[in-house]
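Report on the following structure.
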Amino acid sequence: MSPIVTRFAPSPTGFLHIGGARTALFNWLYARRFGGTFLLRIEDTDRERSTQAAVDAILDGLKWLGLDWDGEAVSQFERAARHREAVEAMLATGAAYRCWASPAELDEMRETARREGKPMRYDGRWRDRDPSEAPPGVAPVIRLRAAQEGETVIDDRVQGKVTFANKDLDDLVLLRSDGNPTYMLAVVVDDHDMGVTHVIRGDDHLTNAARQTQIYRALGWETPIWAHIPLIHGADGAKLSKRHGALGVEAYRAMGYLPAALRNYLARLGWSFGDKEFFTGEELTAAFDLDAIGRSPSRFDFAKLENMNGHFMRAASDDALFESLVATLPYLPGGPAVLETLDSRKRAQLRAAIPGLKERAKTLVELLDGAAFLFAARPLALDDKARDILQKGGRAHLAALLPKLSAAEWSHEALEAAVRTYAEETGAKLGSVAQPLRAALTGRSTSPGIFDVLTVLGREESLGRIADQAGA
RNA sequence: GCGCCCAUCGUCUAGCGGUCCAGGACGUCGCCCUUUCACGGCGAAAACACGGGUUCGAGUCCCGUUGGGCGCGCCA
């Protein structure tokens, strides 16, 4: 079997949304699985809508997701000359022809079609008409002379055999009147020239596959292997909108998801491997294949993504998670501010707090939020619950505890011993002593284990915070 | 409207004619663990859209209905 070549071909008219990200992932996975090549092509033939900002956003998104492509990204627009060349060849063989129908005529056809309840189809009025009848001064488009009878069959790796009647496929435009290639033509020529063996894309392209097949035939080329994957819908089953999650992948970064978790989640959306839910990067590449992709559309579920992200965070080593957090700081809410105060001492504290923090966070945002007590300045602002704990007898415990703690060795074990002894002596439950400490130390009613907080914060800062609340 | 695709718990899915009174995961609800919150453990509720066939036997095959999606540009 010849080496596999896949590609991801986004159009730079916006950010890399979640559906595109999954398409890219599947192509990447498939290529990596079989030792093939994963190419990237920017479909920027629409000069009106393509922007460099969008190209940058897409590349950035792919890099963040960890989907590295082979070689340089190809600009489709820059290949326009080659596309025209292909059209010339089709013109020469009669597989294509010039059409002088005006936009107004096309509108009219559309109108008529709608009135008669028929689909809009170009009526082929210039198919066999002599070019000498062309209206003067009008630049023609070039259309494919498509088969009008018979059928075109797509043998799809996920959709199976799909048959289209050729009468339903009209003579599509290959070259616009301004001489620029259309998408339909450009994809075919580029995929062919780039040696793409497998076209894995959204099933919104399924009918395009039939049209493109006709172009391949007209050019005398072999079609690639198709794999049209179902689309991702929003939580309510409707098309993804910004409200539902048609966000750029950078939004997921800002929400604190780990690339590995997002990859795992996305892979399992539409694809399965028995009952297995969690995959390491290696496991994913080893297991992925086209046959196990389902044919029905799926809904995006943040709850499951979040759960999965929590698993990945907990499974990550403390060092790796710490590095991920720091690297993501610029994108997290409140992150840049934290980054500024992150001197070597704070870094060490944050790193030391990771084990206690990561058990309690499902995203990096939550992780950062849990670490807030490290960056708070004395006297701490208290939230309602913390204030409540302190007011209901908490201060007395703090006042009594203060000398005992300051006398203790500053280690987890020694501090715990001191507090437990105090609780036993006074007959208080450990919880009723730990909670006031937590309130004074973190300003909240929830935090990592209290002795961890004490040691991470250090003797001086801890005693200061306790003293702040013991008195008042 | 026409064409194509799809249809198992709320969600993601396993299931490829009998081992399914349908399994796993998320979510939900209990209980346990516990210095808080989490994590973890145990348990519960929860689905084969509907109607016809085929077959000794159908979640699994066929047809129809209903519902949903996608496509129908000199956009990609």
Side-chain angles (χ1 to χ4, degrees), chain A residues 9-13 43-46 48-50 76 99 101 103 106 110 113-122 139-143 154 156 159-160 162-165 167-170 172-178 180-184 186-187 202-208 210-211 228 230-231 233 235 237-239 265 268-278 292 294-308 310 314 356-362 366 370 385 389 416 419-420 423 429-435 437-439 442 444-451:
Chain A
S11 58
T13 54
E43 311 235 304
D44 50 2
T45 54
D46 183 348
E48 302 287 306
R49 301 199 297 167
S50 300
Q76 186 161 69
C99 164
L106 259 14
R110 229 183 303 275
R114 189 151 55 85
R115 206 173 331 108
E116 294 172 3
K118 287 180 182 165
M120 157 59 185
R121 225 168 277 130
Y122 169 70
V141 299
I142 296 175
R143 290 182 183 269
I154 303 303
D156 195 279
Q159 304 290 339
V162 183
T163 305
F164 294 90
K167 65 177 174 55
D168 294 329
L169 275 14
D170 63 356
L172 65 267
V173 174
L174 299 168
L175 217 56
R176 295 182 246 256
S177 51
D178 64 3
N180 282 316
T182 60
Y183 159 81
M184 216 57 87
V187 213
D203 71 9
D204 50 337
H205 283 286
L206 193 55
T207 34
N208 289 340
R211 302 193 132 94
H228 288 90
L231 269 17
H233 292 156
K239 194 173 182 174
Y265 176 73
R268 278 288 286 101
L269 205 56
W271 170 81
S272 61
F273 192 68
D275 279 344
K276 195 168 168 60
E277 298 279 351
F278 291 93
R295 283 188 286 175
S296 54
S298 46
R299 302 184 184 200
F300 194 89
D301 182 11
F302 272 102
K304 186 150 186 175
L305 204 212
E306 201 156 290
N307 170 275
M308 214 161 230
R314 272 173 266 124
L357 254 18
K358 75 175 184 183
E359 292 297 321
R360 296 166 170 76
K362 293 203 283 286
E366 290 180 10
K385 286 177 182 167
I389 290 166
E416 177 161 4
V419 172
R420 281 193 187 275
K429 286 171 72 175
L430 189 55
S432 64
V433 181
Q435 281 304 82
L437 277 174
R438 194 181 322 274
T442 69
R444 299 184 185 183
S445 61
T446 67
S447 81
I450 198 62
F451 305 111

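- Rounded to whole Å, the separation between the P atoms of C61(B) and A7(B) comes to 9 Å.
- Note on S447(A): a base of the nucleic acid sits closer than 4.0 angstrom, heavy atoms only.
- Among the atoms of the strands shown, only primed sugar atoms or phosphate atoms (P, OP1, OP2) are found under 4.0 Å from some heavy atom of L269(A).
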*Go through R211(A) and D168(A) one step at a time and tell me if the salt bridge (Lys or Arg N to Asp or Glu O under 4.0 Å) criterion holds.*
CA-CA 10 Å; R211(A) 302 193 132 94; D168(A) 294 329; over 6 Å; no

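- With hydrogens and angles ignored, no donor-acceptor pair under 3.5 angstrom links the side chain of N307(A) to the base of A25(B).
- Distances from the side chain of L231(A) to the nucleotides C12(B), C39(B), C70(B) place C70(B) closest.
- Residue-to-nucleotide contacts include no donor-acceptor pair under 3.5 Å from the side chain of R295(A) to the base of C6(B).
- Taking every side-chain heavy atom of Q76(A) into account, A76(B) is the closest of A76(B), A38(B), G24(B).
- As rounded to the nearest Å, G23(B) and A47(B) have P atoms that lie 11 Å from one another.
- For the C1' atom pair drawn from U55(B) and C12(B), the interatomic distance equals 33 Å after rounding to whole Å.
- Rounded to an integer number of Å, the gap from NZ of K429(A) to P of U34(B) is 12 Å.
- For C50(B), the paired nucleotide is G64(B), the pair qualifying as Watson-Crick or G-U wobble because both relevant distances are below 3.5 Å.
- With hydrogens and angles ignored, no donor-acceptor pair closer than 3.5 Å exists between the side chain of K276(A) and the base of A25(B).
- C16(B) is unpaired under the criterion used here, namely a Watson-Crick or G-U wobble arrangement in which both key atom distances are under 3.5 Å.
- Counting only distance, with no hydrogens or angles, the side chain of R438(A) and the backbone of P448(A) share a donor-acceptor pair below 3.5 Å.
- Proximity of a side-chain donor or acceptor of Y265(A) to a complementary backbone N or O of F300(A) within less than 3.5 Å is not detected.
- Using a 4.0 Å heavy-atom distance criterion, S50(A) is classed as making no nucleic acid contact.
- For D301(A), the side-chain atoms get nearest to U11(B) when compared with the rest of G27(B), U11(B), C12(B).
- For the P atoms, the distance linking U19(B) with A38(B) amounts to 42 Å, nearest Å.
- The interatomic distance linking R438(A) (CZ) with U36(B) (P) rounds to 7 Å, in whole Å.
- When all heavy atoms of P230(A) and G294(A) are compared, the pair lying nearest together is CG-O, 3.2 Å.
- Counting atom types as modelled, D275(A) pairs a side-chain N or O with a base atom of G23(B) as donor and acceptor under 3.5 Å.
- Straight-line distance from the CD atom of Q159(A) to the C1' atom of C4(B): 9 Å, rounded to whole Å.
- Shown here, G3(B) forms a base pair with C70(B); the pair counts as Watson-Crick or G-U wobble because both key distances fall under 3.5 Å.
- Contact between the side-chain N/O atoms of T45(A) and the OP1/OP2 oxygens of A76(B) is found at a separation under 4.0 Å.
- Going from the P atom of U8(B) to that of C50(B) covers 11 Å, rounded to whole Å.
- Counting non-hydrogen atoms under 4.0 angstrom, S432(A) reaches nothing in the nucleic acid.
- In this structure, V162(A) reaches the sugar-phosphate backbone alone: every heavy-atom distance under 4.0 Å involves primed, P, OP1 or OP2 atoms, never a base.
- The distance between atom CZ of R444(A) and atom P of A38(B), rounded to the nearest whole Å, is 14 Å.
- Between the P atom of C72(B) and the CG atom of D204(A) lies a distance of 9 Å, rounded to the nearest Å.
- One N or O donor and one acceptor, one from the side chain of S177(A) and one from the base of C74(B), sit under 3.5 Å apart.
- The CE atom of M308(A) sits 18 Å away from the P atom of U11(B) (whole-angstrom rounding).
- Distances shorter than 4.0 Å separate some side-chain N or O of R314(A) from OP1 or OP2 on G40(B).
- The nearest heavy atom of RNA chain B to L106(A) and to P448(A) marks one nucleotide each, and the one closer to the 5' end goes with P448(A).
- Nucleic acid contact for H205(A): base, since at least one base atom lies under 4.0 Å from a heavy atom of the residue.
- With a cut-off of 3.5 Å on both pairing distances, A58(B) has no Watson-Crick or G-U wobble partner at all.
- Remark: the separation of the P atoms in G59(B) and G68(B) is 26 Å, to the nearest Å.
- If you check every strand for non-hydrogen atoms under 4.0 Å, S272(A) touches sugar and phosphate atoms only.
- Looking only at side-chain heavy atoms (C-beta outward), R444(A) and K385(A) stay at 4.5 Å or farther from each other.
- Both G274(A) and P140(A) lie close to RNA chain B; mapped to their nearest nucleotides by heavy-atom distance, the more 5′-ward contact belongs to G274(A).
- Across all strands, A439(A) comes closer than 4.0 Å to no nucleic acid atom at all (heavy-atom distances).
- A donor-acceptor contact shorter than 3.5 Å is absent between the side chain of E43(A) and the backbone of Q76(A).
- For the P atoms, the distance linking A25(B) with U54(B) amounts to 40 Å, nearest Å.
- Residue contacts for G310(A): at a heavy-atom cut-off of 4.0 Å it reaches no nucleic acid atom on any strand shown.
- One atom, CG of L206(A), and another, P of G71(B), lie 11 Å apart when rounded to the nearest Å.
- Between C5(B) and C62(B), the two P atoms lie 12 Å apart (nearest whole Å).
- Within 4.0 Å (heavy atoms only), Y265(A) reaches no atom of the nucleic acid at all.
- For S298(A), a side-chain nitrogen or oxygen approaches OP1 or OP2 of U13(B) to under 4.0 Å.
- Nucleic acid contact class of N208(A) (heavy atoms, under 4.0 Å, all strands): base.
- As the counterpart of C9(B), no nucleotide is assigned, since no Watson-Crick or G-U wobble pattern has both distances under 3.5 Å.
- Residue contacts shown for M184(A) include a base, since a base heavy atom lies under 4.0 Å away.
- Within the 3.5 Å criterion, the main-chain N or O of H228(A) finds a donor-acceptor partner in the side chain of Q159(A).
- R49(A) comes within 4.0 angstrom of a nucleotide base, judged by non-hydrogen atoms across all strands.
- Comparing G71(B), A25(B), C37(B) by their nearest atom to the side chain of K304(A) picks out A25(B).
- At least one donor-acceptor pair under 3.5 Å links the side chain of T182(A) to the backbone N or O of V173(A).
- Judged by distance alone with a 3.5 Å cut-off, no donor-acceptor contact links the side chain of R420(A) to the base of U35(B).
- Taking atom CG of residue D46(A) and atom P of nucleotide G73(B), one finds them 16 Å apart after rounding to whole Å.
- In this structure, G43(B) and C29(B) make a Watson-Crick or G-U wobble pair, each of the two defining distances being under 3.5 angstrom.
- For K429(A), the NZ atom is loosely surrounded, since the number of other residues' heavy atoms within 6.0 Å does not exceed 12.
- Here the side chain of R268(A) pairs no donor or acceptor atom with the backbone of F278(A) at under 3.5 angstrom.
- Nucleic acid contact for T446(A): base, since at least one base atom lies under 4.0 Å from a heavy atom of the residue.
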